[in-house]
Amino acid sequence: MATATFPKKPADHINAKPVEYAPHDLEVKSYLPEIFRGVGVSMKHFFENTREIVRGKLPDPVLDRYDDGITTISYPEQKRPYPERFRGVHRLTTRTDGSMRCVACLCCSTACPAQCIYIEAGEYPPGDKRRGYEKYPVKFVVDELRCIFCGYCVEACPCDAIRMDTGMHAVPYDSRDQFIYDRDLLLSFEGRDGSHVTANARHEPGDPTHPGLTREHSH
Amino acid sequence: MPTFKLDGKTIPFEPGDSIIKAAERQGVEIPHYCWHPGLSSPANCRMCLVELVPKPGQRPMMLDVLELDEATGQYRPAQKPKLQPACYTPAAEGLEVLSDTSPHVTQARHDVQERLLLNHPVDCPICDQSGECKLQDYWLEHDKSGKRMRDEPVHKSKGVEFGPTIVYDGERCVMCTRCIRFMAEVAKDPVLDMRERGNLNEITVGPGRQLDGHYTFMTEHVCPVGALTTKDFRFKARVWFLRTAASLCQGCATGCNAHLDYDPRYNKAYRFRPRDNEQVNKYWMCDEGMLSYREAHDGRVLEASVRGKPASVSEALAAAKDLFAGVAKESVAIVLGAQHSLEDNWALRELGTVLMDSRHVYVSGRPDGYEDTILVHRDKNSNTQGVKTLAPGARPLSALLGDVASGAVTHVIALGGAAPVDAGDLEDAKLVVVAAHEGPLTKLATVVLPATSWAEHAGTYVNARGLKQVAEAALEPLGSSRTAWSLVAALASALGYQPSWSKLRQIRAQLTAPTAADAPAAAALAE
Amino acid sequence: MTATLLLATIVKILIMVMFVLNLAAILTWADRRQSSMIQDRVGPNRAVIKIFGKELRLAGLLHPLADGLKFFTKEDFMPPNADRLLFTLAPIMAMGMVFTLVATIPFGDTICLHQFRLFPDFWHVHTGPHGELLDGVERWGTCAADSRNGYAPLELVVAPLGVGILYVFAMSGQGIIGAAIAGWSSDNKFSLMGALRAASQMVSYEVTLGMSLVGAMMIYGTVRLDDMVRWQQEHAWGIFVQPLAFFLFFAAAVAENKRIPFDLPEAESELVSGYFTEYAGMKFGMFYFAEYAEVVTGSMLLVTIFLGGWALPFFHRDGLLVQFGDTTLLRVAIPHVFVTLLGVLAFFGKVIVVCWIQVFVRWSLPRFRYDQLMKLGWRLLLPASLANILVTGVVWLAVDKAGSAASDGLRIAADVTQAVVAMAMTYLIGRGVVGMFGTVTHERNIIGTSAGIAARRGGTKTEPMQA
């Protein structure tokens with residue numbers, strides 16, 4: 001009777017180094033020696049630390065502070081510096097006159113792979129100088145639970161209106177509805193520099209930096 | 001059929017066709033802004049320029065130009081063929097036309113596109129046309145170059161309200177004059193015109209007028225760019241989020257073919273767009289029809305109710321069973337709904353005349369209204385003809401009122417909530433209504449069952465001219481609504497009958513096979 | 001009489017439930033604190049309470065309290081399509097089964113009370129010439145059979161059931177249901193897979209759990225847990241009689257508790273957190289708590305069956321008696337009630353030690369792969385437990401046939417084991433005390449990228465968040 005071998009034996013010409021496995025003898029298979037050895041190592045550390053605690057040689061990490069650079073950080077008292085381009089909770093930036101930069105183009109919501117941004121656009125009221133030129137978000141909702149902090153919304157924004165430079169990480173809350181950040185909350189966040197505007201100036205019509213002369217009907 | 005050659009491909013045409021129309025019929029697109037198959041050709045956008053190859057022996061029509069000589073850095077006189085607008089040049093037997101294969105045409109398209117974008121504000125992020133804009137499409141196809149003009153673009157009026165429905169943005173306009181021509185040629189109301197010349201050119205409304213009437217939405221639809229926007233759709237959605245279903249306008253008996261654009265994420269309909277169908281509506285729809293997408297959400301019956309109180313569907317069916325307990329067959333009437341599809345009406349007719357053996361068949365629907373000679377039909381129900389074919393002997397609702405008053409009818413099962421006459425006398429009857437929309441009948445009904453609207457199920461409708469057309473489903477059923485035919489089946493089971501249908505295709509097989517008259521409709525549907 | 005019995009039962013229930021609840025709560029802390037000490041980390045220290053302007057951190061001992069508060073205030077989320085009834089029922093079942101289980105575990109010897117007097121005469125000790133109690137209890141057995149001299153038994157077990165350990169198995173088997181319906185009702189694929197894993201794992205190890213005890217039951221000759229302890233008190237602890245069964249039972253019990261290395265049903269890297277993925281708030285808290293309560297009850301069973309229950313070496317109902325075979329070395333008469341109370345303390349102390357060891361196991365071993373888990377259960381542990389039954393039977397028969405010499409020898413051997421236990425306990429305690437005086441050397445390595453960055457930046461102490 002032909003014996004089926006599983007897994008299939010590799011062909012001879014395969015250029016590979018065979019992996020060495022531990023011998024499958026009773027000592028390994030019964031697990032017990034290694035378990036005792038492992039637990040022994042654990043116990044050694046445990047009792048050494050117990051001794052340090054009993055003799056008062058173990059500094060309290062909060063009250064006494066550990067050495068610099070120790071892996072553990074006592075979080076609220078000590079904070080690890082975030083990288084320059086750390087993506088934190090979103091914020092909506094404002095123009096220099098305090099109005100929203102967002103024009104509700106939905107580019108962020110289009111780019112968002114988690115579909116966590118919901119925007120309802122609105123028209124400026126009659127008489128407003130931006131009426132006809134721009135729209136603005138009546139609702140701008142970010143579901144921070146759905147957000148995966150990829151930063152695509154920031155990349156997609158043509159107005160630099162949404163940024164993730166608040167330096168805040170997502171905080172824990174008691175319930176889910178607290179993670180639904182609405183427009184006014186997002187507007188209230190500051191960037192790391194403590195400002196509500198962004199470093200990228202917006203060239204409004206009438207500004208000397210505006211590439212055009214004026215939006216006024218000149219003829 | 002005579003033919004001509006376009007880029008070596010043989011194109012048949014009918015006498016009088018322009019090159020662009022003949023090509024379009026063959027599925028070959030020549031880029032264009034101002035030309036529209038339903039309108040006249042002004043040939044003013046210059047996007048459709050093509051090169052005509054002179055016949056052997058004929059002197060080519062050439063244009064004297066100055067050409068930069070790269071070697072010397074000097075301009076030298078040269079010649080190039082004079083290009084012709086494909087929308088204005090009639091096709092002729094044996095004509096040889098070069099479109100995509102001609103470098104001159106390619107260059108011309110590039111230059112025209114660049115010119116059209118010279119003063120464009122490029123505010124695509126806030127423009128509602130973005131995503132279905134010809135400027136975007138053709139820039140990608142034919143231009144793909146940056147803006148070279150460093151001067152301040154010309155500024156024109158923005159956010160001008162042309163009327164109660166349309167907002168105009170002069171800076172986005174490419175002056176194709178489609179809207180002007182539509183109002184003059186189709187709507188027969190030449191209220192739009194243009195003023196100034198060159199890059200100051202603008203669309204204006206006639207003095208003392210505003211853009212109103214029954215066909216204002218079409219100006220936005222024919223606009224190839226974002227210059228005209230409707231107040232209804234303005235800023236509501238981005239078109240790339242929308243999906244479309246081949247639907248039918250339910251506003252009147254004309255049965256205009258329409259695209260129903262909806263957002264599947266929110267299960268919400270956003271707009272109607274006309275769907276080209278030479279048999280019915282050509283390329284147009286009326287304002288009321290284009291706004292009738294709202295009926296997918298407005299005035300809907302979303303939950304079952306018993307005596308005005310909300311109930312579950314099963315509770316409502318149980319209430320209907322109690323209502324019909326021990327009733328004599330002679331006193332049961334059914335009211336078919338001219339607003340519901342052929343399938344729904346077939347199911348109710350089956351329940352009424354076959355299962356319940358009732359001889360009282362009536363038809364109800366919305367009352368007649370405004371009509372014109374262009375598209376709008378007096379009958380405001382989408383399926384009156386269909387009900388007539390299903391139940392030729394159906395009597396109007398007013399007859400039912402008399403029968404109820406005389407006591408001949410005590411129990412009524414009705415499809416659809418609308419009534420053409422004041423139905424207050426139906427209070428005396430025990431009324432079960434399967435309806436998608438609120439109406440006089442749902443207010444009077446003891447039991448109301450929530451049916452899906454035309455937007456949520458596929459259905460067949462017969463328009464005023466007897467054309468049988470199918471509307472696709474777009475949305476998922478809203479609320480706890482179910483298709484009317486399945487509700488009728490559930491009602492039949494609740495009343496103790498065995499419904500002979502449980503699937504849509506069973507009903508469709510039962511409906512009469514398409515006749516020869518329906519063949520063009522079938523072809524239109526296939527398209 | 002009945003009212004007194006009722007009162008006594010209530011007190012017993014309170015003792016048992018309070019012990020399990022509190023030890024489980026402390027175990028949640030011990031798990032974290034002990035792991036930090038094993039891994040040379042800082043460990044829990046955040047929960048702080050301020051009394052008279054002083055901050056009390058108690059090495060993180062307040063964390064269970066803070067956890068409890070947090071569980072109660074968190075949103076009680078339920079998936080929209082979850083089965084509402086089962087979803088709510090599951091944590092209750094998981095937790096309830098653990099507590100019904102402790103009803104049959106004896107935590108002390110039967111106390112013989114004189115007619116349940118309010119102030120019984122505990123102090124009166126009359127010893128005979130050989131040091132035995134004259135008018136007290138018998139050295140072996142209970143006073144149930146001896147009520148002629150007016151003593152009534154007070155059994156230190158909530159429900160003295162005749163079926164004893166069988167009831168325990170019946171109840172611990174129900175633990176599967178809690179996990180299974182939790183996963184099923186959550187309307188989540190991860191939960192369902194976790195529930196399937198939990199169910200198959202628990203069913204598999206249930207078999208070994210039962211089989212490993214058959215040998216012990218053969219030797220003890222009873223299924224009553226208190227009689228098992230009495231046998232161990234009289235002869236030798238179960239771990240010496242049934243060493244293989246001890247390890248099998250230990251492994252199977254850890255697997256039943258779904259703890260590392262057997263925590264496949266809630267493997268984070270694969271199943272988010274298994275069958276209670278969708279649970280939040282106190283419902284999650286109940287699962288979390290049930291796991292630790294199971295550790296406690298599992299330890300209680302282990303102590304009762306293999307580690308002598310309330311028995312201490314050489315302590316008998318009538319006092320201390322150091323005896324090898326017929327050679328008596330020491331005999332001190334102690335009032336019966338004191339011995340019993342000492343036994344109660346010994347039982348709870350042993351349970352705590354076993355829990356402590358279980359935490360070591362949890363923090364020393366890696367998680368099994370699922371097929372390894374199943375192979376271990378069915379191909380290794382189960383055959384080993386069956387072999388254990390066979391060998392036990394053969395040895396039992398051989399000893400039975402061998403005559404009195406063999407049984408006398410075994411008796412001396414049993415007494416030797418008692419001595420070994422006593423000496424081992426003394427040594428370990430002494431070693432621990434002495435070990436505390438060794439030298440302390442600190443060695444700190446900056447390991448890891450983030451720690452390196454922080455160190456280069458000048459530490460994390462004073463610098464505010466730069467971000």
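Side chains included, hydrogens not; waters and symmetry mates left out as well; all remaining heavy atoms used. Convention: sequence-line order gives letters A, B, ...; per-chain numbering from 1. All figures in this text were calculated on a predicted structure; none of them were measured in a lab.
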(Q) Suppose we call two aromatic rings close when their centres sit under 6.0 Å apart. Are A:F46 and C:W356 close by that rule? (A) yes

Q. How about residues 102-115 of chain A versus chain C: which residues have heavy atoms under 4.5 Å apart?
A. none

Q: Mind ranking A:V41, A:V39, A:D177, A:L32 by heavy-atom pairs under 4.5 Å with chain C and telling me who comes out on top?
A: A:V39

Q.
Give me each pair satisfying salt bridge (Lys or Arg N to Asp or Glu O under 4.0 Å) with a member in residues 153-162 of chain A, each pair once, sequence neighbours excluded.
A. A:D160-A:R163

Q. Side chain, backbone, both or neither: which part of A:R176 has a non-hydrogen atom closer than 4.5 Å to chain C?
A. both

Q: Please round to the nearest 0.5 Å and tell me the distance separating atom CZ of A:F47 and atom CE of C:M37.
A: 9.0 Å

Q. Which residues pass the side-chain contact (heavy atoms from CB on, under 4.5 Å) test with A:K139, sequence neighbours left out?
A. A:Y118, A:E120

Q: Considering only heavy atoms and a distance below 4.5 Å, find which of C:S35, C:G435, C:S36 pairs most often with chain A.
A: C:G435

Q) A:G38 and C:S364: which non-hydrogen atoms are nearest, and at how many Å? A) O-OG, 3.8 Å

Q) Atom CE of A:M43 and atom CD of C:Q34: how far apart are they, to the nearest 0.5 Å? A) 8.0 Å

Q) Quick one: CD on C:Q39 to CG on A:N49, what's the gap to the nearest 0.5 Å? A) 10.5 Å

**Q.** Residues of residues 68-81 of chain C contacting chain A, heavy-atom criterion under 4.5 Å, by residue number
**A.** C:T73, C:K74, C:E75, C:F77

Q: Of all the heavy-atom pairs spanning A:S42 and C:W363, show the shortest one and how long it is.
A: OG-O, 4.2 Å

